[in-house]
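Report on the structure given below.
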2 protein chains.
Amino acid sequence: MTAGSETEARPGMDVRALFNPRSIALVGATDKSGWSISTLVNLRTHGFPGPVHLVNPRGGVVHGEQSYASLSDLPEPVDLAYVMVPTGAVLPVLKEGTALGIRSYVVLTAGFGEVGEEGARLEAEITAFARDNGLALLGPNGNGFINAAAGITPYGLPIAAPLLRGSVGVVLQSGALASSVLGFAQARNVGVSLLTSMGNETAMTVTDVLDYLVDDPSTKVIALFLESIRNPAEFTRAATRALLAGKPIVALKIGRSRLASNTAQAHTGALVGDDNVIDAAFRKLGVIRVRSLEDLLITAGLLAEVGPLPGPRIGVVTPSGGASEIIADRAEDEGLEIPPYAPETVARLTEIVPGFATVQNPLDVTGYVLIDRTLLGRALEAVTEDPGIDMVMLLSETPKKAPPDPAPTFALYKANAERIAAAARPVVVVSNVLVDVTEFGRAVQHETGFPYVAGGIEHGMHAIGAAVRWSESWREATRGAAGGAAARNGAHPATTTRPAAVAGATGLWAEHRAAALLADAGIPVVPSELAGDEEAAVAAATRFGYPVVLKAAAEGLGHKSDIGGVRLGLNSPQDVRKAFGEIVGAVRAATGVAEVGTLVQPQRGGGVELLVGIVRDPGWGLTLAVGLGGVWVEVLRDTALRILPVDAAGVRQALSELRGVRLLQGARGTEPADLDAVAEVVARLAAFAETLGDDLEALEINPLLVNGSRVEALDALVTWRG
Amino acid sequence: MTAGSETEARPGMDVRALFNPRSIALVGATDKSGWSISTLVNLRTHGFPGPVHLVNPRGGVVHGEQSYASLSDLPEPVDLAYVMVPTGAVLPVLKEGTALGIRSYVVLTAGFGEVGEEGARLEAEITAFARDNGLALLGPNGNGFINAAAGITPYGLPIAAPLLRGSVGVVLQSGALASSVLGFAQARNVGVSLLTSMGNETAMTVTDVLDYLVDDPSTKVIALFLESIRNPAEFTRAATRALLAGKPIVALKIGRSRLASNTAQAHTGALVGDDNVIDAAFRKLGVIRVRSLEDLLITAGLLAEVGPLPGPRIGVVTPSGGASEIIADRAEDEGLEIPPYAPETVARLTEIVPGFATVQNPLDVTGYVLIDRTLLGRALEAVTEDPGIDMVMLLSETPKKAPPDPAPTFALYKANAERIAAAARPVVVVSNVLVDVTEFGRAVQHETGFPYVAGGIEHGMHAIGAAVRWSESWREATRGAAGGAAARNGAHPATTTRPAAVAGATGLWAEHRAAALLADAGIPVVPSELAGDEEAAVAAATRFGYPVVLKAAAEGLGHKSDIGGVRLGLNSPQDVRKAFGEIVGAVRAATGVAEVGTLVQPQRGGGVELLVGIVRDPGWGLTLAVGLGGVWVEVLRDTALRILPVDAAGVRQALSELRGVRLLQGARGTEPADLDAVAEVVARLAAFAETLGDDLEALEINPLLVNGSRVEALDALVTWRG
């Protein structure tokens, strides 16, 4: 254990040593097992330079080599034991190995937690043993890992040649996908630094591997297949490290279709499905979420090639009008811009392309490329110097088959590779359709330095859009880090300490208490007075001026309007008296509570109603949901989520994502809302919520009335744990 | 010309003869042109059995063969002239060929309408000549066609071997995409029947080729790349023929990002962007719209393999838990269902899969397939017999490279191919990721009959979803055709003839005239009386009972409320008198019209307001838009479109697509709307609109108030052309 290393998630566990052993023992090696054969073949054919020993309790010849009966019988100590013994024999092997000083294990053996109670008990035993002894243990029930960068491949399934070495680190919670991922990476000519198949994640977790990859100089981009995120806090820490290190994480997280509420009580809770929270968390952490294995690898490959992209404005250069039009459609889907070229670019291009070509963005240099093969490259060069674009997209393919004389092909690709390397702006190459990069295509890329080709317009445009969005997250995070702010994402520094009033709070705080708490925190709240009888209510109404609102006030009373506890538009003392009696009667009947008073407020009109809720997600912590009231939230579920902390700029961005944002902007004749003022209030609320301690369960303002620049909470509710 | 043939779109043009020549002349053949070389090489290497003659005005040896100076010099007549001469020489070649009896032409030559006025003039000349002489002319500015089924390849770009023959007909409005399409089809092992590159479509159009493909016995599915649909009526006719013939059309239609209003005046018009109308038209015609070349070919390939699918319920069989979860997510995206297996299936599967596997849908038979290679096939067989599913999705790949002994591989695929062929339900095979089917993979498919493999879960699930939707359109259309209804899509038979009252109507009919027209047609309309002065208005209000609504009534008055022409909630004669004076004054001031009266109506309350508009699209004809009023249409543009005719079931389906449909179903405490009653009224309106003749520009009810089963038009507007 390296003292003080940020990457040490378990005491004593040395992840770097696990992935970089100099010698390996295959424990449980047998001719009967395909896994055993594959692991040995992989180690012997993909470049592992150190000794590999076979251990079999019966000894004898295995895979044509002399085996040893136990780890203790080995002629020399090994760095890593790859364990394939029966389930019940795993713990004894770990014990024997640990006694011999072996600290790294891959456990391929299955039959643990995934098969039932007895397995879970055995798994708990090896987990405890690994933890107590500081072992780095990958699995059980996992195929191992492929450290392609170092040529170390203790991996139990066949690895189709060639194993391409590169800078994408791959972490899979489903080992069955590994072969597809490797095959697809090969087809895209995307090299891998490390691939791990996590198995049951009993000792070592995705986060441990993430940490390793962030520190691994061979890895530029991290690709994840996730079934679940077991420890959101750990994931947040590791993903934040990756972002600050400029290593993008691309994740295929399944479970999109299982939207289930995970936080029950508060109204907001019902709007926060597990999966929506994942989206919010990934946004916060700059994790790119994709929905397919193709997008996972194509996006990772693109980012490994180009790194951060400066912005969304693309100059497009193609040899095809039809492709240009598909690109234009897809650019809009992905939030990318294809601005007109600057006059000087148009002038240069006019000199380059044939007279019948139309000089525009996207540029189609026409089929004349078949006659003048330099046409595309010269147009590319002109476009890379356009001052109004952030990057260039070149539509080009790698060649499929070697022509009889390949020299001109190499020369052409080399010329374009040199143009791209020397270009003033990043150039992303995308092919028309997603077909394999062939062996000859790989050779051309290798020899000429022609860059990565994103496979097909469909996935290529997705990758560019995702890379642009990640780049923005990365810039924001590094700005935040450079500025010394408390956290990234422009976190709002907590300006208040925990109010004494909330010490020991439990249960539900009804409106009058919640509103007072918020008002003390500087949130604008509609004035109100508690009135315990009719005359007090009338006196309060007189002070406020008519019309007024009367609401039931009683401890523990949540959604008042559902039980007849709210009366709006009271215009006279008579109205107030009548409403008082009716409210008290209704609430007593509905709740059985004797002590019912009322809250008197001036009635507000006009404006747009927002719902602002902050609720504690059991995994990700305090989560903000903002939405428009009424049909927007009830019928459309039109809310935007953010994991706290969030600052005013972040809230503003969230508001802009609402489908109903045009209503806030003054559609339907309402006064345009001052979105900065709204964002400021919501951000203050979010910062305040963070000061309320771990007992805060939910805090909701519904509605927050917005009238131009006037922002005011008309009702509030706070729920405490316990 | 075959008398009475449905496929003859141009008098005398014989499309079948064009695509099936027995002899070809390459006119303008020259060693200097890559197109010339490619065309000859293609004809000589892809199986064209007939003579190919080269024509060059200078004669001599071209491509190593003796050429002829002109078509007239040929030793024998040819069926097809492939024309590559300079632009100005094209017409003379056509004239010479026509004199010789040549009726079929491919014109590769560019420089026509695409380059400016002079080119357009030349193009008009050849268009007129082709039309007058009944020529079948493909192009100009197109690369020709590939009749793969017949081995006839007069095509000007290299065709990468192997050219796979099959049953997908491909029509491209962008020739530059042809190579990518062919390459991708090859990579998917999708065979092509005919591929055409349309060029300028001056004489022969996409529709002509569509008609040919519908009649072509080699073609099962049609794949289109469309930049524009030049003649919607013709497209509608041809696409309807394709649907009734059971030949799916899959289309990549670009221009999604250019949403522009094409019909200006009526309120509805602003909601109907060109592209939304394309969506509505495609839906009506059962045309599958895709957004990528990958989806175009993968979907076409799937449909060519399996034909119509019986329904959306899928039984999924995989060897991977991770893949199963991706499939579950994607199924939800695509509107597919993955129901639990029936108890008898569960029982059978429990016998088949290892004890540690979980028997569920999607089924993961586990990595144990690596040990027992029959596992997947046996599980598949059990699942195909499940009574609760419509089809089975098998996750499987074709093998990439031949193993040293390929026999077991062939045997395994053959066993599964036989299971699939014998299965009680359609089986669709999908691979994990989109990688090329290799030469060995193709050989295995060819030898064993192992079916088409949809490339990757991402695109495969899209293809299944699209195929299920197409199948439903096809069933509906053939039901309609079998039942002898007037048209497909359950068209509402026109029950009324054109009312005499609308003869010679022009301009805008304000509410009182529009409402009377609709009421006569059986549309429920709120009662109203015209009142020319205050006393008449008060008298009418008394008859209706208070509260009432007063609206301006004047010829040509459209959106009354914008100019102060509507007063709601009038509760007394005094209210009515005051409102009358104000309305008349406001409307006179705003419009300068002297003759202003009012319309008196009882005021309705509650319910949900719909907007129903029928507007004439210049290309597609009468188009219905339905939406919820208020924010739904103004902020969210939440409308559903249908091209007429549409029946009540079609309207109901449209209503169900609205994002706000839950409001109609009783969200927010409103009475649930009787959607059948609403659909009946809207369908009646649509049928009535169709009786109003070509002068109808737009017909709008806004709002149509829905209160449970009570449906009533509260305002109406009719606009006539001219």
Side-chain angles (χ1 to χ4, degrees), chain A residues 34 110-111 114-115 157 160 172-177 180-181 183-184 187 225 227 252 254-257 291-295 319-323 325-326 328-332 355-356 364 367 370-371 400-401 432-436 456-458 630-632 634-636 659-660 662-663 667-668, chain B residues 34 110-111 114-115 157 160 172-177 180-181 183-184 187 225 227 252 254-257 291-295 319-323 325-326 328-332 355-356 364 367 370-371 400-401 432-436 456-458 630-632 634-636 659-660 662-663 667-668:
Chain A
E114 77 278 10
V115 300
L157 295 175
L172 304 172
Q173 277 184 334
S174 167
L177 293 175
S180 294
V181 166
F184 191 70
F225 175 83
E227 292 179 333
L252 173 53
I254 53 90
R256 287 189 294 119
S257 54
R291 76 172 193 181
S292 70
L293 291 170
E294 289 85 356
D295 282 334
S320 160
E325 293 166 308
I326 301 173
D329 280 356
R330 288 288 292 121
E332 186 171 289
F356 57 85
D364 165 19
L370 296 175
I371 290 162
K400 277 187 96 71
K401 285 181 187 167
N432 252 324
V433 286
L434 180 49
V435 288
D436 289 5
I457 294 168
E458 173 67 16
V631 296
W632 297 96
E634 290 172 32
V635 179
L636 286 166
R659 277 183 275 177
R662 290 184 54 227
L663 207 62
R668 311 204 78 212
Chain B
E114 77 278 11
V115 299
L157 294 175
L172 304 172
Q173 276 184 336
S174 168
L177 294 175
S180 294
V181 166
F184 191 71
F225 175 82
E227 292 180 333
L252 173 53
I254 54 89
R256 287 189 294 117
S257 54
R291 74 173 196 183
S292 70
L293 291 170
E294 288 84 356
D295 282 333
S320 160
E325 291 165 309
I326 301 173
D329 281 356
R330 289 288 291 122
E332 186 171 287
F356 55 88
D364 165 18
L370 297 174
I371 290 161
K400 278 185 95 71
K401 286 180 189 169
N432 254 323
V433 286
L434 180 49
V435 289
D436 290 3
I457 295 168
E458 173 66 16
V631 297
W632 297 97
E634 290 171 32
V635 180
L636 287 166
R659 278 184 275 176
R662 287 183 56 228
L663 207 62
R668 312 203 76 212

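In what follows, every heavy atom counts, from backbone to side chain, and hydrogens, waters and symmetry copies are set aside. Naming: A, B, ... by sequence-line order, numbering from 1 per chain. Predicted model, so just to flag it, every value in this text is computed and none were measured.
- Atom CD of A:Q173 and atom CD of B:E325 lie 9.5 Å apart (nearest 0.5 Å).
- Heavy atoms closer than 4.5 Å to chain B are found in the side chain of A:A187, but not in its backbone.
- Contacts of A:S174 with chain B are made by side-chain atoms alone, with heavy-atom separations under 4.5 Å and no backbone atom involved.
- At a threshold of 4.5 Å between non-hydrogen side-chain atoms, the residues B:S320 and A:L177 count as touching.
- Per-residue counts of heavy-atom pairs under 4.5 Å with chain B were compared for A:G456, A:G322, A:A323; the largest is that of A:G322.
- Between the side chain of B:N432 and the backbone N or O of A:S180, no donor-acceptor pair lies under 3.5 Å.
- The closest donor-acceptor contact from the side chain of A:E294 to the backbone of B:L434 lies under 3.5 Å.
- Contacts between A:F184 and chain B at a heavy-atom distance below 4.5 Å involve backbone atoms as well as side-chain atoms.
- Only the side chain of B:L252 comes within contact range of chain A, with heavy atoms under 4.5 Å apart.
- Only the side chain of B:L370 comes within contact range of chain A, with heavy atoms under 4.5 Å apart.
- Among B:A176, B:G175, B:G111, the residue making the largest number of heavy-atom pairs under 4.5 Å with chain A is B:A176.
- Of the two parts of A:L172, neither the backbone nor the side chain holds a non-hydrogen atom closer than 4.5 Å to a non-hydrogen atom of chain B.
- Counting heavy-atom pairs closer than 4.5 Å to chain B, the top-ranked of the candidates A:S292, A:P319, A:G355 is A:S292.
- Within the 4.5 angstrom heavy-atom criterion, atoms from both the backbone and the side chain of A:I326 approach chain B.
- Comparing B:R291, B:K401, B:R330, B:E114 by heavy-atom pairs within less than 4.5 Å of chain A, the highest count is held by B:R291.
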